[in-house]
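Presented below is the structure to which this report refers.
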Amino acid sequence: MDDLEKAILILFDESGTVDSELKQKAKDYCDKIKEEKAICSVCIERLCFSSLVQVQFWCLQTLQEVIRVRYSSMSLDERFLIRKSVFWIACLGGFDDKSAVRVLEGPAFIKNKHAQVLVTLIYYEYPLIWSSVFVDFLSQLNKGAVVIDMFCRVLNALDEEVINLDHPRTPEELSVAARIKDAMRQQCVAQIVRAWYDIVSMYRNSDEELCASVLESMRRFISWIDIGLIVNDAFIPLLFELVLVDGVSEQLRSAAAGCLSAAVSKRMDPQAKLQLLQSLQMRQVFGLIAQDSDSELVSNVAALLTGYAVEVLECFKRLNSEDAKGISMELLNEVLPSVFYVMQNCELDSTFSIVQFLSGYVGTMKTLSPLRETQLGHVGQILEVIRSQIRYDPMYRENLDILDKIGKDEEDRMVEFRKDLFVLLRNVGRVAPDVTQIFIRNSLASAVGSSSDWNVEEVEAALSLFYAYGESINGEAIRTGSGLLGELVPMLLSTRFLCHSNRLVALVYLETVTRYMKFVQENTQYIHMVLAAFLDERGIHHPNANVSRRASYLFMRIVKLLRVKLVPFIENILQSLHDTVAGFTRIDYTSKELSGSEDGSHIFEAIGLLIGMEDVPPAKQSDYLSSLLTPLCQQVVEVLLMNAKLLTPEEAPKKFANIQQIIVAINSLSKGFSERLVTASRPAIGLMFKQTLDVLLQVLVVFPNVETLRSKVTSFVHRMVDTLGASVFPYLPKALEQLLVDSEPKELVGLLLLLNQLICKFNTLFRDILDEVFPAITGRILNIIPVDTLPSGPGSNTEENRELQELQRTLYTFLHVITTHDLSSVFLSPKSRSYLQPIMQLLLLTSCKHKDFLVRKSCVQIFIRLIKDWCAMPNGEEKVPGFQSFIIETFATNCCLYSLLDTSFEFRDANTLVLFGEIVLAQKVMYEKFGNDFLAHFVSKGFPAAHCPQDLAEKYCQQLQGSDIKALKSFYQSLIESLRHQQNGSLVVR
């Protein structure tokens, strides 16, 4: 053993006894040898005489690398040496009988690597240099199984490395593949096919493994060779015979089925394809799929049948003649029962999509109206397939019920997996509604009839089918109980499944009942059954918290739908929900399990919708509301009396979470009461909400720094603005004052949103309160946000900066809302006057430089409104001293001219064009208000600084004085683009 062989052994050592340093040295040594000029000779010599498989592999790998990297620079002699040696070894050659170590006697990975080296040579040399490679190989096959096996490996490697398009290929590789295939078709494909046939015929009884290898190679080539070489009176009977004969190994039968699948799937003209499919007599193999479904043979036959069905269906779609369509449908009807069996009982080939195929078949049914008996039978089988496919695996039953990580993953997977199947179901429902409804009825009846809980998955699937089917029917059909719906919905409502305690079953049951509520809305005799389903252990009282909370939400939706029709049941409903309402605030809401939108509070919204109707007698209404609000408020008062200082660190989070949930509950409850009812027709109800608001505002006083409580109280004030209307005004100063205490940017955003709501709802009626709060709020915000632009660039995307950006945006919205609701006089009140100048500067800077062009647009709109509010007609008296000169001298030139010259102002952007339109409008308004004062300054001071030619300045004056705003906008855009080209972005906004 020389140094190279030792280094290779160290390099490939996997025992773990060789240290990394020695391994690196061995690698460096081997890499150095690779660089030698005579490396090919070294590799070939070792390949012939070394009995070490590691050395053989390294030599083959190195040869392949050298050919790929250095082929163009190799001498003709060197290429000849490699070609002759590699081919000669592949065909059982040797230097002499004593010393030759034949690679073909080595393990499979050595033979595969040797085949790859041969294919690398073929890549560069066939057919121009080494044109006889395949013919030469064919002449050596008489040496027996070892050479035949090697020939198969070469063909497989050729497919894998060069021809197969399943792998991404470069344009050069595609060109080489085309060259090789064209040459092979012309020169040797017919001979290769003949060799395949002869080998399989000769060795089928003596070496089935070899025959399977030959057929595997053949399968790879069928897609691009002349199909007549395979589909003929010699080969097809042989393949079917191999598939059907019991005594043959499963490996060989599977390989033969694979070849038939390749023939079936070959791309060709649809008329020729139909003739091919018709000639195959595929019914011969239908019986094979009923065998052991886990076997390789059944999987391959299943792939054959599904592939065949896909191709027949494609022929039906693409051929227009009645004869061709008739033949296609006949073949399809023949194979479909077997395909349906395969779909439900066999592992399917990954390339076959059940939904895609069945959707295509259902699509053909639309042309066959009315459906024949055969098609109706197929509809039933399609529905069976859908049901079997959407069923959960029982092995996940417990995981799905407790919804651990495994259960959550499986549920998410199935939700995604079912989407296409439910689309298919809806299509089937439209094509054959009667059959679909009968199938769903029978599925439900079967599930109900089961006497044990083994059928959890069956019940869930049956209910899911009924739920999904609802999407294919319109509301009118549900309302009238079209078809069997009049039977199915009552059947659903009256059913109590033994497995109703299961989470999935309970959820889909409630969702399905909700989906068909329009039927109950029309047939009120079933209302009591709906209420029972939601109020007993099937719904809100279900032992699983997830089901209970979802039931609360769905019940709220049902109440919204039925509303007045539920008035006779209110007493019973409230009695049933008494324990749920009482227990709502006792739950530990600090646990993560109960986070999210469905926290159970929807039950209060449902109750509010029920008792908030004017159809409820006033006295009853007051009693109902008082019985709910009084205990909730009492709990809040108890915590307030304890005071924050007296709460221990362990108590505080639970108490705060408790108050938080109470506020959420009251908030939800109030949604059922209209402003008209609580302020006009039944003011006693309004008084209760005012008293509640008074209590909850105390939370801000006692716990001013608890952000979650502040947020919930703010949300409740929002709700009371809508509920109490203007009668909420006396409570607002205190509320706004408390919300401002120690407020952070995030909380200030919430406060501004509340003010925006108040301004939008009450307009000028809100002026007095706004006058009072504006100075404090503005002062607080201006102290927080930077005078200049917010930081940007690397490291600036912090939580703090994001909150400041949000606050800044909301401030501009707030100022915009003020000005557009006739409240700009608030800026001029004695208390606010000191903030006018900084506000104007902030708006100016933002209108010129903010990176969000929609924010800039809002600021320009604010200026336009202020100009209209504060500036009289030309020569009129100034309402705000100095404002007119600020607009003319600063805003007009900086925002309306200089900021547009910046290259970031991209006219191709939609938002930029919107901003540009507002800037042009601002100039029009300034001219209308200030006349020549504006025009003279803009043209004499602004334009010269931008180096605007005199003729363009004159044209601008003409356009501005005209009445066509579109023409002005178009001209001004071309003017800016012209000036920008001259300035090249050199002007800076001042």
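Between I662 and F604, the closest side-chain pair of non-hydrogen atoms is not below 4.5 Å. At a threshold of 4.5 Å between non-hydrogen side-chain atoms, the residues L562 and I558 count as touching. Side-chain contact between L751 and T714 is absent, with no heavy-atom pair separated by less than 4.5 Å. A heavy-atom distance below 4.5 Å is not found between the side chains of L535 and N572. The closest side-chain heavy-atom distance from L463 to V459 is below 4.5 Å.
Atom CZ in F534 sits 13.5 Å away from atom CE in M529 (nearest 0.5 Å). Once rounded to the nearest 0.5 Å, the distance linking CG of L629 with CG of L669 reads 5.5 Å. Here CG of L628 is found 5.5 Å from CD1 of I611. Values are rounded to the nearest 0.5 Å. C633 SG to E638 CD: the interatomic distance, rounded to the nearest 0.5 Å, is 11.5 Å. Between Q635 atom CD and L640 atom CG the span is 12.0 Å, to the nearest 0.5 Å. Note: H541 NE2 to S576 OG = 7.0 Å, rounded to the nearest 0.5 Å.
More than 12 heavy atoms of other residues, nucleotides or ligands sit less than 6.0 Å from atom NZ of K565. Heavy atoms from other residues, nucleotides or ligands lying under 6.0 Å from NZ of K761 number more than 12. Counting non-hydrogen atoms of neighbouring residues, nucleotides and ligands closer than 6.0 angstrom, the CD atom of Q575 reaches no more than 12 such neighbours. The 12-atom threshold is not exceeded at CD of E398, counting heavy atoms of other residues, nucleotides or ligands nearer than 6.0 Å. Environment of CD in E800: sparse, with no more than 12 heavy atoms of neighbouring residues, nucleotides or ligands closer than 6.0 Å.
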(request) Could you walk me through whether K405 and D409 pass salt bridge (charged side-chain N to carboxylate O under 4.0 Å, His left out), step by step? (result) CA-CA 6 Å; K405 186 180 184 310; D409 290 346; 2.9 Å; yes

(message) Checking F519 against Y526 for the ring pair (Phe, Tyr, Trp, His ring centres under 6.0 Å) test, could you report, in this order, the C-alpha distance in whole Å, the side-chain angles of both residues, the deciding distance, and whether it holds?
(response) CA-CA 9 Å; F519 174 81; Y526 296 112; 5.7 Å; yes

(request) Given ring pair (Phe, Tyr, Trp, His ring centres under 6.0 Å), test F466 with Y516 step by step and report yes or no. (result) CA-CA 10 Å; F466 192 20; Y516 291 95; 4.3 Å; yes

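Using a 4.0 Å cut-off between charged side-chain N and carboxylate O, R413 and E416 make no salt bridge. Classification of E799 and R802 as a salt-bridged pair holds, one side-chain N sitting under 4.0 Å from a carboxylate O. Using a cut-off of 4.0 Å between Lys/Arg side-chain N and Asp/Glu carboxylate O, K746 and E803 are scored as not salt-bridged. Ion pairing between a basic and an acidic side chain is recognised when a charged N comes within 4.0 Å of a carboxylate O; R682 and E614 show no such pairing. Electrostatic pairing of E537 and R496 counts as a salt bridge here, judged by a charged N lying under 4.0 Å from a carboxylate O. Looking at K408 and D404, no side-chain N of the basic residue comes within less than 4.0 Å of a carboxylate O on the acidic one, giving no salt bridge. Salt bridge status for K620 with E571: present, with a side-chain N to carboxylate O gap under 4.0 Å. A salt bridge between E471 and R426 is present, with a side-chain N of the basic residue lying under 4.0 Å from a carboxylate O of the acidic one. For E460 and R503, the salt-bridge test fails: no basic side-chain N is under 4.0 Å from an acidic carboxylate O.
The aromatic ring centroids of Y509 and H500 lie less than 6.0 Å from each other. In this structure, F422 has its ring center no closer than 6.0 Å to that of Y469.
Side-chain atoms of D393 never come within 3.5 Å of backbone atoms of Y396 as a donor-acceptor pair (strictly under, hydrogens ignored). Although no hydrogens or angles enter the test, the distance criterion places a donor-acceptor pair under 3.5 Å between the side chain of S552 and the main chain of S548.
The aromatic rings of F656 and F703 sit perpendicular, their planes meeting at an angle over 60°, well past the 30° parallel limit.
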